[in-house]
Amino acid sequence: MRSFNPSINRMPAPVRLKRWSVLLIALVFAGVPVFATEPSSTPSEDPRRVVRQAERLVRSGQFRDAEDLLRDAAVVHPEESSIRLMLAHALLKQRRIVEAYDISFEVAEAEPNNSRALAVLGSSLLAAGRFPEARQVFFASIQLNRREAMAWSGFGLLEFYENSIDESLRNMREAVFHDPNNPDYIFSLAQISARAEQYKEAAEAYNRFLSVSRDSDDERRARIRALVSFLRYLGSRRGLYVPRGPDTVTVPFELVGNRPIIEVRVNRHREPLRFVLDTGSGISVISDQTAERLRVRPISRGGHARAVGGDGRFEIVYGFLERVGIGDLTMNNVPVYIREFHGESAVKIDGYIGLALISKFLATVDYGDLTFTLTHKDSRMAEEVRFENGVPLRLTSSGFLSGEVQLEGVENPLNFIVDTGASISVISGEVASLDSVSPFIRDQRMRVIGAAGITDDVPSYLLPSISVGRHSRPSITAIALDLGTINEAAGFEQAGILGGNFLRNYRMTFDFKNSKVAFVPIGSDR
């Protein structure tokens with residue numbers, strides 16, 4: 001998968017591939033690592049001391065200070081690759097991916113036996129969404145040095161994004177074993193453990209992160225403490241998302257503003273509630289008003305999450321539902337967010353069904369018949385679903401589903417979140433600024449209602465076409481948003497959101513186990 005980055009995409013593909021091939025040839029013929037001693041210097045100019053100081057700054061979240069220190073040191077010690085690699089790492093922490101890639105590539109090209117250079121290079125490729133290339137480079141790094149923790153961590157994240165959770169967990173544990181006090185690796189281990197439903201291990205890892213991290217961001221630490229408390233609660237429960245009922249269930253949905261809304265039952269209340277089916281959310285959500293009406297109490301709270309709309313923040317409050325009913329199917333023990341809903345009163349929305357609730361099934365959203373079907377993934381009916389032309393999906397660190405999308409006029413595929421809960425498609429501000437896209441801006445400005453509030457006067461574009469796999473739609477309206485808040489937590493760059501105004505033309509079946517989605521155009525032979 002390739003992710004959007006303006007500088008990468010502006011470079012002609014043949015030139016980039018040729019440069020990459022040179023490095024791969026160097027890696028193939030690289031022999032046993034050659035280790036050199038660092039030149040002697042006065043303590044104040046010792047490159048090792050500079051790198052250690054920069055590491056402390058990075059671990060405390062002072063990325064720009066680390067960058068300034070390393071750039072000055074690189075002038076004094078231009079031959080010291082350790083300084084340049086640490087600089088590339090600091091740039092990656094700021095999501096300046098192209099600069100990090102260029103620096104680490106130059107070092108890896110000059111020093112093909114430098115496992116750290118390959119690990120940093122692989123991390124920059126992974127952050128850009130270039131998964132096949134990242135996999136090759138991480139493998140080469142570990143071949144040179146089995147103790148290269150950054151490469152093991154990169155492998156762990158790569159497998160996580162591709163939904164190979166068990167393999168991801170093994171690789172991330174290996175990274176932590178080799179570098180037990182690295183807060184980045186411990187944090188990733190916590191995320192992956194939670195995804196693997198190892199909630200006690202996840203809580204312990206997050207606690208360990210708080211003890212070793214020098215990050216002084218009080219807001220982030222408050223979020224993690226609330227999450228630790230919630231994970232401990234989940235660890236005391238006897239299974240989450242436990243299904244009860246038939247192997248398959250089909251319910252109708254109402255399409256409102258390009259969003260599918262189904263009726264669900266919560267706990268023992270007979271009153272049907274209206275939930276948006278939201279593949280753009282990892283965890284399910286219930287409105288604070290509905291939670292109060294149903295007497296759903298907070299389990300844990302602390303800090304704020306960052307999201308689209310308003311001031312970009314909403315308070316984190318965790319809740320827990322004993323059961324959620326969809327048709328004749330019941331799911332027991334369902335974690336949720338409890339938050340305020342903005343602008344939903346007109347359509348009366350009580351909640352959102354997130355991916356975790358439906359990920360144990362094949363989930364079909366049929367915009368033609370206006371039906372939603374859940375089929376147990378181990379049933380005979382699941383075997384009948386065809387995925388010959390399925391589009392691969394990846395899971396971001398923040399729990400979004402991401403797939404490759406092709407925009408007319410943009411050479412390389414871009415990563416877009418597949419979001420049934422979004423009424424309209426979205427492109428990032430960087431994509432909107434491309435010469436091949438900017439001419440398609442419309443006079444119409446729009447209001448955006450997101451998890452964090454309402455934003456007015458948002459620019460819109462009429463894109464000539466959007467393609468997913470072999471499926472393409474002409475004249476798709478998209479709004480341009482700053483996706484920085486999404487990309488900070490995604491792990492690899494997202495260039496947009498594939499919303500309901502595109503998705504409503506298809507019947508889609510999500511195979512979460514194999515990370516694919518099948519598109520069948522409405523009106524075609526079924």
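None of the values given here were measured: they were computed from a predicted structure.
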query: Can you tell me if CG on Asp68 sees more than 12 non-hydrogen neighbours from other groups inside 6.0 Å?
result: yes
query: Do the ring centers of Phe209 and Phe187 come within less than 6.0 Å of each other?
result: yes
task: Would you kindly say whether Thr290 and Asp350 are connected by a side-chain donor-acceptor distance under 3.5 Å?
output: yes
message: Is the distance between the ring centroids of Phe372 and Tyr367 under 6.0 Å?
response: no
Side-chain heavy-atom pair Met508, Leu503 within 4.5 angstrom cut-off: yes
field: Candidate list Leu434, Asn412, Ile466, test side-chain contact (heavy atoms from CB on, under 4.5 Å), partner Leu407, passing option
entry: Ile466
task: Determine the sole option in Phe275, Phe341, Tyr337 for which the ring-ring contact (aromatic ring centres under 6.0 Å, His included) test with Tyr352 is passed.
output: Phe341
Within 45° cone and under 6.0 Å: Arg339 NZ/CZ vs Phe314 ring: yes
query: Do the numbers put Arg394 on top of the ring of Phe131, so that NZ or CZ is under 6.0 Å from the six-membered ring centre and no more than 45° off the axis?
result: yes
- prompt: Any chance CD of Glu254 has more than 12 other-residue heavy atoms, nucleotides or ligands included, within less than 6.0 Å?
  reply: yes
query: Checking salt bridge (Lys or Arg N to Asp or Glu O under 4.0 Å) against Glu322, which of Arg265, Arg295, Arg268, Arg237 comes through?
result: Arg237
message: More than 12 heavy atoms of other residues, nucleotides or ligands under 6.0 Å from CD of Gln289: yes or no?
response: no
- prompt: So, for Val276 and Gly421, which heavy atoms are closest and what is the spacing to 0.1 Å?
  reply: CG1-CA, 4.1 Å
- prompt: How about Tyr461 and Phe440: are their ring centroids closer than 6.0 Å?
  reply: no
- request: Under the side-chain contact (heavy atoms from CB on, under 4.5 Å) rule, what do Arg274 and Phe253 come out as? Steps first, then yes or no, please.
  value: CA-CA 10 Å; Arg274 290 164 57 85; Phe253 66 74; over 6 Å; no
- request: Name the orientation class of the two ring planes belonging to Tyr318 and Phe230 (parallel below 30°, tilted from 30 to 60°, perpendicular beyond 60°).
  value: parallel
task: If the plane angle is over 60° it's perpendicular, under 30° parallel, otherwise tilted; pick one for His471 and Tyr506.
output: perpendicular
Asp435, CG: over 12 other non-hydrogen atoms inside 6.0 angstrom: no
query: With Leu374, which of Ile358, Val251, Thr250 fulfils side-chain contact (heavy atoms from CB on, under 4.5 Å)?
result: Ile358
- request: Under the side-chain contact (heavy atoms from CB on, under 4.5 Å) rule, what do Arg232 and Ser300 come out as? Steps first, then yes or no, please.
  value: CA-CA 10 Å; Arg232 285 175 172 163; Ser300 174; over 6 Å; no
